[in-house]
**Student:** 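One structure, as structure tokens, below. Some questions next.
Keep in mind it's a predicted model, so treat the numbers as computed, not measured. In what follows, every chain begins at residue 1, and chains take the letters A, B, ... in the order their sequences are listed.
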Protein chains: 2
Amino acid sequence: MRRLPKYLTLVQHLRAGGAEWVSSAALARALGLTGSTVRQDLSHLNVSGFSRRGYRAAELERVLARVLGADRTWKVVIVGAGNLGQALAKHGDLQRHGFDICGIFDIDSRVIGRKVGILRVTSFSEVDRVVKERGVRLGIIAVPAPAAQEVADRLVAAGIQGILNLAYANVLVRSGVAVVNARILESLQELVYLVRLEATEWRKKR
Amino acid sequence: MRRLPKYLTLVQHLRAGGAEWVSSAALARALGLTGSTVRQDLSHLNVSGFSRRGYRAAELERVLARVLGADRTWKVVIVGAGNLGQALAKHGDLQRHGFDICGIFDIDSRVIGRKVGILRVTSFSEVDRVVKERGVRLGIIAVPAPAAQEVADRLVAAGIQGILNLAYANVLVRSGVAVVNARILESLQELVYLVRLEATEWRKKR
DNA sequence: TAGATTGTTAATCGATTAACAATC
DNA sequence: TAGATTGTTAATCGATTAACAATC
């Protein structure tokens with residue numbers, strides 16, 4: 001369920017703010033959902049709430065972290081050391097949330113060897129070796145669109161089990177390998193669509 | 001509809017590859033959908049296909065671009081000149097797809113004035129003026145989570161109509177302002193969830 | 001003609017919401 | 001007790017898929 005990460009983040013923030021109990025209504029309000037939806041979602045988890053109080057924040061966080069695998073670290077490689085790839089490698093949030101970045105790769109000899117945070121850009125030809133040696137399970141694709149499929153094939157062949165695709169192209173992989181697409185450009189286009197929709201609705205009301 | 005940007009991208013790529021006609025089946029295959037879904041989606045658009053051939057690629061691209069507002073430029077400001085903000089400002093894909101980045105802002109005096117691509121980091125205190133003077137309609141939030149809500153309030157007050165929120169916190173805005181969240185960390189957590197799901201399914205089959 | 005494809009209707013499926021008894 | 005909240009069932013809603021006549 002794609003809402004689970006949102007619950008986790010929110011509960012973490014609420015706990016940081018000192019909350020001991022959280023109600024379905026509170027979660028719903030903060031995420032723009034209904035209490036019903038939240039209770040339905042949480043009922044699939046191994047957690048139970050209390051009348052008049054809600055859910056124990058600490059327990060809820062622990063259970064959410066568990067089901068999302070956020071209670072252990074996940075090894076990741078980043079392919080593509082352009083602006084986006086480098087930004088991710090340096091982005092503290094990933095390390096802070098249990099992702100262990102095992103390498104950043106590129107084919108451009110001008111960036112290979114360059115330091116990015118605590119890492120050094122490595123030739124893409126070594127990606128198989130690193131993935132196998134270190135048992136990396138996740139790969140992030142941050143290369144130009146035309147190269148995305150080739151990179152995906154290579155990662156899957158090396159044994160990667162999940163791909164986060166940031167490239168502006170769809171990649172096809174054999175079943176058994178998970179792919180999540182996350183494209184800022186598409187999100188922006190969605191935003192434009194919504195903004196125009198709002199503008200139209202507004203005009204209708206007049 | 002959040003699939004429209006995907007159709008647009010795909011049709012652009014297919015056209016670049018020389019395709020004159022595209023069928024619903026071809027689109028479906030490339031995006032992991034069914035032909036039915038694609039035809040339903042396109043039926044809401046002002047475009048019609050032809051038996052035995054499909055849709056005219058050029059016409060489809062034009063119509064999709066139109067409904068997504070990709071046929072004109074959209075002014076954007078970026079708030080937050082950290083790794084991610086800077087990467088976006090330098091990221092050619094945005095400019096190339098009709099987004100005109102009118103400024104990148106930060107509150108940290110150590111980065112204010114620094115050059116980022118062709119832009120220069122400006123003090124966040126000037127964001128209202130820039131938004132108003134240039135008629136900017138979209139804002140991208142790329143600041144740490146605790147600052148996100150404050151930035152959103154400020155952008156909305158300045159007249160921004162749509163917000164792309166990359167911060168790891170939910171922002172609440174008055175109705176009439178569109179918000180799209182795009183968080184790499186949440187996408188990664190979703191990926192982890194899917195990878196573990198696959199692993200479980202696999203174990204079940206044995 | 002045979003075959004491929006659209007456009008649309010109807011069926012299915014799943015997700016969201018409403019409602020409310022049970023509980024504290 | 002009164003009131004707030006969960007957990008769950010049933011209803012609603014919307015999105016996806018199947019099916020197929022119409023078309024070229």
**Student:** Between protein and nucleotides 21-24 of chain D, what N or O pairs are separated by less than 3.5 Å?
**Tutor:**
unit_1	atom_1	unit_2	atom_2	d
D/dT23	O2	B/Ser51	OG	2.9

**Student:** In whole angstrom, give the distance that lies between atom CG of A/Leu42 and atom P of C/dT17.
**Tutor:**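 Atom CG in A/Leu42 sits about 15 Å away from atom P in C/dT17.
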
**Student:** According to the ring-ring contact (aromatic ring centres under 6.0 Å, His included) rule, which pairs have a member within residues 125-155 of chain B, sequence neighbours left out?
**Tutor:**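 Of all non-adjacent pairs touching residues 125-155 of chain B, none passes ring-ring contact (aromatic ring centres under 6.0 Å, His included).
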
**Student:** Between A/Phe99 and A/Thr73, is any pair of side-chain heavy atoms under 4.5 Å apart?
**Tutor:** no

**Student:** Does a side chain donor of either B/Thr34 or B/Ser36 reach within less than 3.5 Å of an acceptor in the other side chain?
**Tutor:** no

**Student:** Would you call B/Glu186 and A/Lys6 a salt bridge, using N to O less than 4.0 angstrom?
**Tutor:**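 Looking at A/Lys6 together with B/Glu186, the answer is yes, because their closest N to O distance falls below 4.0 Å.
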
**Student:** Distance from A/Arg196 atom CZ to B/Arg66 atom CZ, nearest 0.5 Å?
**Tutor:** 7.0 Å

**Student:** So, do B/Ile78 and B/Val116 sit near enough that their side-chain heavy atoms are less than 4.5 Å apart?
**Tutor:** no

**Student:** What nucleic acid atoms does A/Thr37 come within less than 4.0 Å of, heavy atoms only: base, sugar-phosphate, or nothing?
**Tutor:**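 It contacts base atoms.
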
**Student:** Stem list for DNA chain D, please, built from Watson-Crick and G-U wobble pairs under 3.5 Å and keeping only runs of at least 3.
**Tutor:**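 Detected stem regions: C:3-24 with D:3-24.
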
**Student:** Is B/Arg72 close to B/Trp74 at the side-chain level, that is, under 4.5 Å between some pair of heavy atoms?
**Tutor:**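 SC-SC contact between B/Trp74 and B/Arg72 confirmed.
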
**Student:** Check this for me, if you would: do A/Asp100 and A/Arg134 make a salt bridge, where the nitrogen-to-carboxylate-oxygen distance has to be below 4.0 angstrom?
**Tutor:**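 Counted as a salt bridge, because a side-chain N and a carboxylate O are separated by less than 4.0 Å.
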
**Student:** Take atom CD1 of A/Ile107 as the centre, draw a 6.0 Å sphere, and report whether it contains more than 12 heavy atoms from other residues, nucleotides or ligands.
**Tutor:**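 It does not: A/Ile107 CD1 has 12 such atoms or fewer within range.
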
**Student:** Once you round to the nearest 0.5 Å, how far does OG of A/Ser48 lie from CZ of A/Arg56?
**Tutor:**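 Answer rounded to 0.5 Å: 8.5 Å.
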
**Student:** Considering residues at least two apart in sequence or located in another chain, which fulfil the ring pair (Phe, Tyr, Trp, His ring centres under 6.0 Å) criterion with B/Tyr168?
**Tutor:** A/His97

**Student:** Show the distances under 3.5 angstrom between N or O atoms of the protein and N or O atoms of nucleotides 8-15 of chain D.
**Tutor:**
unit_1	atom_1	unit_2	atom_2	d
D/dT9	O4	A/Gln40	NE2	3.0

**Student:** Here's a test of your reading of the structure: between A/Asp41 and B/Gly54, which maps to the more 5' nucleotide of DNA chain C?
**Tutor:** B/Gly54

**Student:** Considering only NZ, NE, NH1 and NH2 on the basic side and carboxylate oxygens on the acidic side, decide whether A/Arg15 and A/Glu61 come within less than 4.0 Å.
**Tutor:** yes

**Student:** Between residues 19-33 of chain B and DNA chain D, which residues have a heavy-atom gap below 4.0 Å?
**Tutor:** none

**Student:** Given 3.5 Å as the limit, does a donor-acceptor pair link the side chain of A/Arg183 with the main chain of A/Ala169, or not?
**Tutor:** yes

**Student:** Rounded to whole Å, please give me the gap between CG in A/Leu45 and C1' in D/dG7.
**Tutor:**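 Checked: the CG to C1' distance equals 14 Å.
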
